[in-house]
2 protein chains.
Amino acid sequence: MDSDDVSPLGYDAFRRTCPSHTVLEMLASKWVYLTVCALRRGRLRNGELARKMEGITPKMLTQTLRVLERDGLVRREVFPVIPPRVEYELTELGQNLAGLLSQIRSWAEEHAPEIKEARARASADHDEMAVS
Amino acid sequence: MDSDDVSPLGYDAFRRTCPSHTVLEMLASKWVYLTVCALRRGRLRNGELARKMEGITPKMLTQTLRVLERDGLVRREVFPVIPPRVEYELTELGQNLAGLLSQIRSWAEEHAPEIKEARARASADHDEMAVS
DNA sequence: ATATATAGGTACCCTATGGATAGTGATGAC
DNA sequence: GTCATCACTATCCATAGGGTACCTATATAT
């Protein structure tokens, strides 16, 4: 009952040259997921985002935020004070996406145990092969 | 009304060592998106998948399918005939995920024009900077 | 006066991944 | 005989992800 075929407007993410394909490429990043989820509740500063996303390096954080800003999902506001203060917030488009990405995140958290087991089984099978 | 904080089971995708974080990493791939979406309507053969996903190389297709199989999202069935015949289908877990990923795909297709415009604006601004 | 901390980055490098190309084995079609 | 099908596998290369160090400017601490 939905979008297994081509969308009504002729956009088709399966086609390499379709704009929607490049959108999918942009979304296919764990830092994009997490950044959008992190900003879902409201505006945050660079440092707050960095602390929230364990393991992200300043470079990757900046890079991710620049991409999200470029694509109109995030708004960046600079306060000309010292020390510098920069805040990020989702645009309406970003809010819209955040709902979906949060669902993915919830799904990942809910099904993590199952997938962990599946991986364990897979590597057990692999070891068995090595023995036989 | 949902998962902005830690999930009830203590899983938190923002933590690098959390299993759900690695699940998110696995999902963060355009080929994973597209493969799961492609299999949504039913089982397909390797060649059918390759033809459906424009631009995927045999290596990436195999790699993606192996990951999905390892994580219990896809079932692989080999028919010992010549020429070889291999079919892939979503498991229940995979079906479950496919609903969400299809929504992302629809979102990408619906909002592609907006994002295209945002990108155009961004590069126009960039050019302006270069001139001034 | 000097050193440190904060804040939000940039510059540089290095490895891992994505992606392109070519090859494999067994068969049937032309 | 040679070409195509089918589902891969192997090899190579370019790019992207990721780590570390450094930058500006000020307030605070010593």
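Side chains are part of it too, since the values below use all heavy atoms of this structure and drop only hydrogens, waters and symmetry mates. So you know, we letter chains A, B, ... as the sequences are listed, proteins then strands, and number each from 1.
Among the protein residues, Y88(A) comes within range of the sugar-phosphate backbone only, with heavy atoms under 4.0 Å from sugar or phosphate atoms but none that close to a base.
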List the atom pairs, with distances to 0.1 Å, where a side-chain N or O of residues 57-65 of chain A and a protein N or O form a donor-acceptor pair under 3.5 Å, not counting sequence neighbours.
from   : atom 1 : to     : atom 2 : distance (Å)
T57(A) : OG1    : M60(A) : N      : 3.3
T62(A) : OG1    : P58(A) : O      : 3.1
T64(A) : OG1    : M60(A) : O      : 2.7

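Note: CZ (R85(B)) to C1' (dA7(D)) measures 12 Å, nearest angstrom.
Taking 4.0 Å as the cutoff to heavy atoms of chain B, we find the contact window on DNA chain C bounded by dG18(C) to dT27(C).
In this structure, the side-chain contact (heavy atoms from CB on, under 4.5 Å) partners of R43(A), at least two apart in sequence or on a different chain, are E77(A), F79(A), E87(A), E89(A). Applying the side-chain contact (heavy atoms from CB on, under 4.5 Å) rule to A112(B) yields the partners Y11(A), P19(A), S20(A), V23(A); only residues at least two apart in sequence or on another chain are considered. Under the side-chain contact (heavy atoms from CB on, under 4.5 Å) criterion, Q95(B) pairs with L90(B), sequence neighbours left out.
The 12-atom threshold is not exceeded at CZ of R15(B), counting heavy atoms of other residues, nucleotides or ligands nearer than 6.0 Å. The number of heavy-atom neighbours closer than 6.0 Å to CZ of R119(B), taken from other residues, nucleotides and ligands shown, is above 12.
The one candidate from I56(A), L39(A), L34(A) that meets the side chain to side chain contact (heavy atoms under 4.5 Å, CB included) condition with L49(A) is L39(A).
Contact check, R45(B) against dA7(D): a side-chain N or O comes under 4.0 Å of OP1 or OP2. Side-chain nitrogen and oxygen atoms of R76(B) include at least one within less than 4.0 Å of the OP1 or OP2 phosphate oxygen of dC8(D).
Both L65(A) and P83(B) lie close to DNA chain C; mapped to their nearest nucleotides by heavy-atom distance, the more 5′-ward contact belongs to L65(A).
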Heteroatom pairs (N/O) under 3.5 angstrom, protein to nucleotides 12-19 of chain D:
from    : atom 1 : to     : atom 2 : distance (Å)
dG17(D) : OP2    : Q63(A) : OE1    : 3.4
dG18(D) : OP2    : W31(A) : NE1    : 2.9
dG18(D) : N7     : K59(A) : NZ     : 2.4
dG18(D) : O6     : K59(A) : NZ     : 2.1

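In this structure, the separation between CD1 on I115(A) and OG1 on T22(B) is 8.0 Å, given to the nearest 0.5 Å.
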